[in-house]
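To keep things clear, I will list the structure first and then write my remarks on it.
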Amino acid sequence: MAVFGSFSAVAAVPWLWRRIAHGAVGLRRLCPGKGYAVGLAQVRTAQSLPTFGFLLDIDGVLVRGHRVIPAALDAFRRLLNAQGQLRVPVVFVTNAGNILQDSKAQELSALLGFKVEPDQVILSHSPMKLFSQYHGKRMLVSGQGPLVENARELGFKNVVTVDELRTAFPVLDMVDLQRRPKTTPLPRNDFPAIEGVLLLGEPVRWETSLQLIMDVLLSDGNPGTGLAMAPYPHLPVLASNMDLLWMAEAKMPRFGHGTFLLCLETIYRKVTGRELRYEGLMGKPSILTYQYAEDLIRQQAERRGWVAPIQKLYAVGDNPMSDVYGANLFHRYLQMAQHDRAKELGAGDLWKQRPSAAQSCTSILVCTGVYSPKALGSTEPAQDGEEPPFHGHRDFSFSPELMEASHIVNDVDEAVRLVFHQEGWAL
């Protein structure tokens with residue numbers, strides 16, 4: 001499926017993200033303060049042509065681990081019509097990536113009780129389909145789950161896993177004493193050079209992946225050899241899912257792929273004295289992920305025959321850094337586009353090819369996942385006025401106002417009720 005003719009420059013240029021984050025056009029606050037009151041306004045009858053859509057996070061919003069959050073079932077009772085079809089376009093936007101898109105759709109269908117189509121699901125690495133210039137290169141892929149299958153679905157035709165690289169060069173993996181080779185194998189000179197690194201998600205053996213990825217970067221793709229000086233710029237690196245933390249069944253948040261990236265970046269800088277560079281960073285809060293999601297919302301509306309443009313997006317999530325920051329950043333980007341500033345920001349070609357119909361992206365934060373006003377690691381300011389720790393990726397400068405949700409609600413059902421009230425739809 002072709003989503004865009006070419007990916008946006010915003011996807012890979014850190015200074016561009018920072019410029020948007022610092023706000024050439026201010027973020028329009030749709031609801032000052034925390035929470036909301038339903039009020040006494042009369043609600044119109046349900047409309048047949050929606051002009052708004054939902055971008056729903058999964059972990060911490062709809063599910064916790066393998067268990068559905070009860071409020072999610074209530075929410076979808078409101079979102080579905082009598083025929084079991086969605087009343088408005090919905091796309092599920094997750095930073096998970098260790099599963100196939102079809103499998104994630106099937107999993108959501110079983111949990112939520114209605115048919116979720118694969119093209120309603122955006123995994124953290126889904127926008128890598130747009131990076132066609134790397135699809136023919138020999139790429140080292142890191143992560144877990146159906147790695148090779150996912151890479152091929154994204155368009156990459158020639159991938160090597162960390163385990164395959166370790167098998168080819170067993171002397172590279174030396175941390176685990178039990179896995180060290182008992183004899184010294186003969187050096188290999190028949191292993192084709194690696195041309196790039198693909199980071200799809202957190203791996204299982206971090207020490208092995210960190211070591212072998214570093215070997216590939218420092219050797220210019222030839223880990224069986226040694227170079228007098230590490231090449232710079234290094235081989236292209238594409239990464240998805242920048243979440244430092246995520247919420248599962250445990251009472252406290254767990255390490256995410258963003259933590260693994262932090263380790264890799266720190267090691268690379270410590271060893272070389274230089275910064276690790278990315279050709280593309282995908283997953284929330286990347287603007288590219290929201291552009292991709294908006295296009296799927298548009299396609300969904302077209303298939304349903306909803307001819308009115310989808311002008312408002314409501315992004316519901318539990319993670320202030322990925323969900324709220326990303327939605328607010330995309331909202332600010334949309335405001336710039338409306339002010340004819342997209343071209344100045346380097347995304348002119350993209351918007352010329354397919355101008356965005358969306359005019360706003362509203363962030364709604366729920367309290368069923370990573371965010372909890374009273375929990376350890378909450379983004380609420382400390383009593384002494386200190387700023388909370390910045391959990392975002394290195395390439396995103398901290399812009400405190402982008403961490404502030406337009407609305408904070410208890411759960412996803414309350415989020416749906418809020419949006420329906422604002423849009424004048426029957427509950």
Side-chain angles (χ1 to χ4, degrees), residues 30-31 36-58 61-63 68-94 104-122 290 292-318 323 327 330-331 334 356-366 368 406-407 409-427:
L30 299 181
C31 178
Y36 76 100
V38 171
L40 301 176
Q42 284 292 98
V43 179
R44 297 193 300 272
T45 58
Q47 303 173 13
S48 58
L49 296 178
T51 58
F52 64 97
F54 285 94
L55 309 180
L56 299 181
D57 182 38
I58 298 176
V61 174
L62 305 178
V63 301
V68 67
I69 295 173
L73 301 177
D74 295 332
F76 277 93
R77 278 192 280 271
R78 304 181 195 281
L79 287 168
L80 298 174
N81 61 22
Q83 292 74 42
Q85 295 179 312
L86 287 167
R87 298 167 61 189
V88 300
V90 173
V91 167
F92 303 91
V93 188
T94 177
K104 194 65 177 178
Q106 293 173 14
E107 180 184 290
L108 286 172
S109 298
L111 289 170
L112 300 176
F114 81 100
K115 176 65 173 175
V116 176
E117 299 295 338
D119 59 4
Q120 288 180 279
V121 177
I122 299 179
Y290 289 86
Y292 193 93
E294 184 203 355
D295 204 69
L296 293 189
I297 286 278
R298 178 191 58 79
Q299 292 179 31
Q300 190 179 144
E302 289 177 354
R303 287 195 303 270
R304 292 290 300 276
W306 294 329
V307 295
I310 305 300
Q311 297 178 330
K312 300 177 184 177
L313 299 176
Y314 292 92
V316 184
D318 70 302
D323 299 311
F330 186 53
H331 176 82
L334 292 173
S356 175
Q359 298 176 0
S360 65
C361 184
T362 303
S363 57
I364 304 178
L365 182 63
V366 300
T368 51
S406 296
H407 307 281
V409 297
N410 289 319
D411 51 49
V412 66
D413 183 48
E414 191 173 339
V416 171
R417 287 189 284 122
L418 164 67
V419 173
F420 276 16
H421 173 74
Q422 289 199 336
E423 295 296 330
W425 277 50
L427 295 175

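Each residue takes its place number in the sequence, starting with 1.
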Inset, instruction - Measure the shortest side-chain to side-chain distance between Phe54 and Leu79 over non-hydrogen atoms and say whether it is less than 4.5 angstrom. - result: yes
Inset, instruction - Determine whether Val366 and Asp323 make a side-chain contact, defined as any pair of heavy atoms from C-beta on separated by less than 4.5 Å. - result: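 Heavy-atom side-chain distance check fails, nothing below 4.5 Å.
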Can you tell me how far [atom2] of [Y] sits from [atom1] of [X], rounded to the nearest 0.5 angstrom?
| X | Y | atom1 | atom2 | value |
| --- | --- | --- | --- | --- |
| Asp295 | Asp119 | CG | CG | 11.0 Å |
| Leu313 | Phe52 | CG | CZ | 11.0 Å |
| Phe114 | Leu108 | CZ | CG | 8.0 Å |
| Asn410 | Leu365 | CG | CG | 11.0 Å |
| Phe92 | Leu56 | CZ | CG | 6.0 Å |
| Glu423 | Tyr314 | CD | OH | 3.5 Å |

Can you name the nearest heavy-atom pair linking [X] to [Y], along with the distance?
| X | Y | value |
| --- | --- | --- |
| Gly317 | Asp57 | CA-CB, 3.9 Å |
| Val91 | Gln300 | CG2-NE2, 3.8 Å |
| Val416 | Ala75 | CG2-CB, 3.9 Å |
| Leu86 | Gln120 | CD1-NE2, 3.3 Å |
| Val116 | Ser109 | N-OG, 2.8 Å |
| Asp411 | Ala71 | CG-CB, 3.4 Å |

Inset, instruction - Determine, for Arg298 against Glu294, whether the closest basic-nitrogen to carboxylate-oxygen distance falls under 4.0 angstrom. - result: no
Inset, instruction - In sequence, state the C-alpha distance, the side-chain angles, and the governing distance for Val88 and Trp425, and then conclude on side-chain contact (heavy atoms from CB on, under 4.5 Å). - result: CA-CA 11 Å; Val88 300; Trp425 277 50; 3.7 Å; yes
Legend entry - Under 3.5 Å: donor-acceptor pair, side chain of Ser363, backbone of Ser406: yes
Inset, instruction - Go through the structure and list residues passing side-chain contact (heavy atoms from CB on, under 4.5 Å) with Asp74, not counting sequence neighbours. - result: Arg77, Asp413
Legend entry - Evaluation steps, side-chain contact (heavy atoms from CB on, under 4.5 Å), between Val412 and Leu62: CA-CA 7 Å; Val412 66; Leu62 305 178; 4.2 Å; yes
Legend entry - Pairing residues for Tyr290 by the ring pair (Phe, Tyr, Trp, His ring centres under 6.0 Å) criterion, not counting sequence neighbours: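 Partners of Tyr290 by the ring pair (Phe, Tyr, Trp, His ring centres under 6.0 Å) criterion, ordered by chain and then number, come out as Phe330.
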Inset, instruction - Please lay out, stage by stage, how Val68 and Leu112 fare under the test side-chain contact (heavy atoms from CB on, under 4.5 Å). - result: CA-CA 8 Å; Val68 67; Leu112 300 176; 4.2 Å; yes
Inset, instruction - Determine, stepwise, if the pair Lys312 / Gln422 fulfils side-chain contact (heavy atoms from CB on, under 4.5 Å). - result: CA-CA 11 Å; Lys312 300 177 184 177; Gln422 289 199 336; over 6 Å; no
Inset, instruction - Could you tell me which residues satisfy salt bridge (charged side-chain N to carboxylate O under 4.0 Å, His left out) with Asp318, sequence neighbours excluded, listed by chain and number? - result: none
